[in-house]
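Side chains included, hydrogens not; waters and symmetry mates left out as well; all remaining heavy atoms used. Residue numbering restarts at 1 for every chain, and letters A, B, ... go by the order of the sequence lines.
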There are 2 protein chains.
Amino acid sequence: MRDGRLQVLLWQRALAPFAAAFALPGGYLLSGETLEDSIRRHLAEKVDVRELSHIEQLVTTGDPVRHPDEWQVATAYLGLIPSDLDPELPGDTGWYPVDQLPETAFDHGAIILAGRERLRAKLSYANIGFALAPRSFSISQLRDLYAAALGHEVSATNLQRVLLRRELLEPTGERRASGPSGGRPAALFRFRSHSLEITDQFAVLRPPV
Amino acid sequence: MRDGRLQVLLWQRALAPFAAAFALPGGYLLSGETLEDSIRRHLAEKVDVRELSHIEQLVTTGDPVRHPDEWQVATAYLGLIPSDLDPELPGDTGWYPVDQLPETAFDHGAIILAGRERLRAKLSYANIGFALAPRSFSISQLRDLYAAALGHEVSATNLQRVLLRRELLEPTGERRASGPSGGRPAALFRFRSHSLEITDQFAVLRPPV
DNA sequence: CAGGTTTTCTACTTATAGTCGATAACCTAG
DNA sequence: CTAGGTTATCGACTATAAGTAGAAAACCTG
């Protein structure tokens with residue numbers, strides 16, 4: 001989440017194929033290397049990987065048409081960075097809104113959309129919000145974050161009750177100072193756990209009718 | 001589902017490594033081959049792949065410790081065969097209960113359990129029952145199938161109502177002749193669709209308290 | 001202190017799922 | 001042909017989760 005929108009880190013290619021198109025960070029596996037190690041190694045060239053709050057395997061494609069010259073098998077991972085961290089980026093990379101992608105290289109456009117779907121699903125049946133939200137936040141902040149990620153309005157009242165019932169959130173006991181235009185100061189919450197936990201319910205926050 | 005239990009097709013290895021241990025069917029990718037094509041090709045040596053009612057990618061592991069001699073990257077798929085099909089099997093393969101696995105080769109034991117978890121989850125928020133059940137079935141049959149796959153008791157009344165509400169089932173209009181010990185003949189149902197569809201609900205059939 | 005703003009709470013409604021007992025529709029034995 | 005056993009189905013009730021709306025709380029500024 002950057003700028004109130006779901007954005008993805010892309011890198012503008014210099015060389016063919018797909019010169020000038022935008023690609024996900026990545027690269028080749030070294031012999032004997034774990035997939036996740038390799039992802040982290042390649043990503044480290046772009047951002048500080050200690051900032052990753054969550055990473056999970058997304059999909060593996062071996063479709064021969066995905067690369068024009070070479071036959072490749074590629075495994076994509078979904079990685080998340082909390083909204084309050086703002087990593088230094090090299091000049092050829094930047095954040096791009098997922099719902100307004102530039103022209104992408106290879107099959108990266110489809111992979112990004114698959115990642116968004118995975119994220120949306122896990123917002124509804126897991127505690128994956130911890131990977132997007134800052135360590136401490138108000139319910140209104142969290143509502144805006146969920147709304148942007150899910151792509152539809154979310155009720156703050158309902159969100160708070162659902163996440164508290166599932167025991168995913170706990171109050172920090174602090175309150176945020178109210179803004180310049182006044183208003184009641186918001187109580188702050190945090191996620192109880194910062195590792196992925198699946199709930200036994202699903203229907204968090206369908207779009208309002 | 002075979003014999004009222006969730007079973008997996010395994011193949012007893014003849015050669016080292018893991019000689020005599022049981023392994024999932026599979027093999028090496030050919031150059032230029034799609035992952036799914038490769039799976040179907042290797043599987044065809046064991047069973048008629050036209051009997052597969054569903055197939056989906058499960059997980060890719062590149063952990064160097066998974067094979068003692070060689071560095072491998074392997075992608076596992078989950079494939080399902082309806083309970084009323086009984087493929088001819090070569091002598092070195094057979095069905096083995098997932099909750100009572102023999103000694104497995106490589107990391108195949110963990111992969112099988114991951115497959116079971118995927119299946120259980122999709123029974124709860126998708127129509128994946130179509131891939132396990134016969135084309136036409138009574139609610140009691142379906143209850144037994146769900147109970148065996150989920151690992152806990154399931155109420156037939158509730159199952160029928162939930163699946164009908166989600167519009168996943170439809171009555172065929174036929175009834176099965178009652179068994180030798182009598183009883184009311186059961187109405188027959190079928191799945192409306194035989195391709196995977198995600199529902200917007202989740203909590204089908206939690207274990208009874 | 002009045003009026004505006006944001007947050008939070010409470011009550012109500014709706015949707016979905018879980019449970020239990022009654023009833024229906026068949027069988028076989030006598 | 002009927003009594004009693006068996007399996008399937010239905011209906012009513014309960015429990016839980018989620019969606020909505022409006023009132024109240026807690027701050028701000030002028």
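- If you check every strand for non-hydrogen atoms under 4.0 Å, A/Thr157 touches a base.
- One distance of note links CG of A/Leu196 with CZ of A/Phe130; it measures 6.0 Å at 0.5 Å rounding.
- The CD atom of B/Gln141 sits 14 Å away from the P atom of D/dT7 (whole-angstrom rounding).
- B/Arg2 is listed as a side-chain neighbour of B/Ile81, based on a closest heavy-atom distance under 4.5 Å.
- For A/Arg166, the listed nucleotide lying nearest its side chain is D/dA18; candidates were D/dA18, D/dC10, D/dC27.
- The residues A/Arg135 and A/Asp84 are annotated as not salt-bridged, no charged nitrogen and carboxylate oxygen being separated by less than 4.0 angstrom.
- In this structure, B/Arg184 atom CZ and C/dC27 atom P are separated by 13 Å, rounded to whole Å.
- For the pair A/Glu153 CD and D/dG19 P, the interatomic distance rounds to 14 Å; values are reported in whole Å.
- Not a single donor-acceptor pair, N or O on each side, falls under 3.5 Å between the base of D/dG11 and the side chain of B/Arg161.
- Proximity note for A/Val162 (side chain, C-beta onward) versus C/dC26, C/dT16, D/dA18: the nearest is D/dA18.
- Within the model, atoms OH of B/Tyr96 and CZ of B/Arg5 stand 13.0 Å from one another, a figure rounded to the nearest 0.5 Å.
- The interatomic distance linking A/Leu164 (CG) with C/dT8 (C1') rounds to 12 Å, in whole Å.
- Computed from coordinates, the A/Leu188 CG to C/dT6 P distance equals 17 Å when rounded to whole Å.
- One atom, CZ of A/Arg175, and another, P of C/dT6, lie 17 Å apart when rounded to the nearest Å.
- Between B/Glu170 and B/Arg190, at least one side-chain N (NZ, or NE/NH1/NH2) sits under 4.0 Å from a carboxylate O, which counts as a salt bridge.
- In this structure, B/Ser140 reaches the D/dA8 phosphate: one of its side-chain N or O atoms is under 4.0 Å from OP1 or OP2.
- Comment: B/Asp99 does not engage B/Arg116 in a salt bridge, judged by the lack of any side-chain N to carboxylate O separation of less than 4.0 angstrom.
- Atom pair B/Ile139:CD1 and D/dC10:P shows a separation of 9 Å (rounding to whole Å applied).
- Using a 4.0 Å heavy-atom distance criterion, B/Ala187 is classed as a sugar-phosphate-only contact.
- The nucleotide whose nearest atom lies closest to any side-chain atom of A/Arg165 is, among D/dA17, D/dA8, D/dC27, D/dA17.
- From one end of the helix from C/dC1-D/dG30 to C/dG30-D/dC1 to the other, with five pairs defining each end axis, the axis direction shifts by 10° (rounded to 10°).
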Run the ring-ring contact (aromatic ring centres under 6.0 Å, His included) check on B/Phe137 and B/Phe189 step by step: do they pass?
-> CA-CA 5 Å; B/Phe137 46 83; B/Phe189 293 81; 7.2 Å; no
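- Look at B/Gln160 and you won't find any side-chain N or O under 4.0 angstrom from OP1 or OP2 of D/dA8.
- Here D/dT20 presents its C1' atom at 9 Å from CG of A/Asn158, a figure rounded to the nearest Å.
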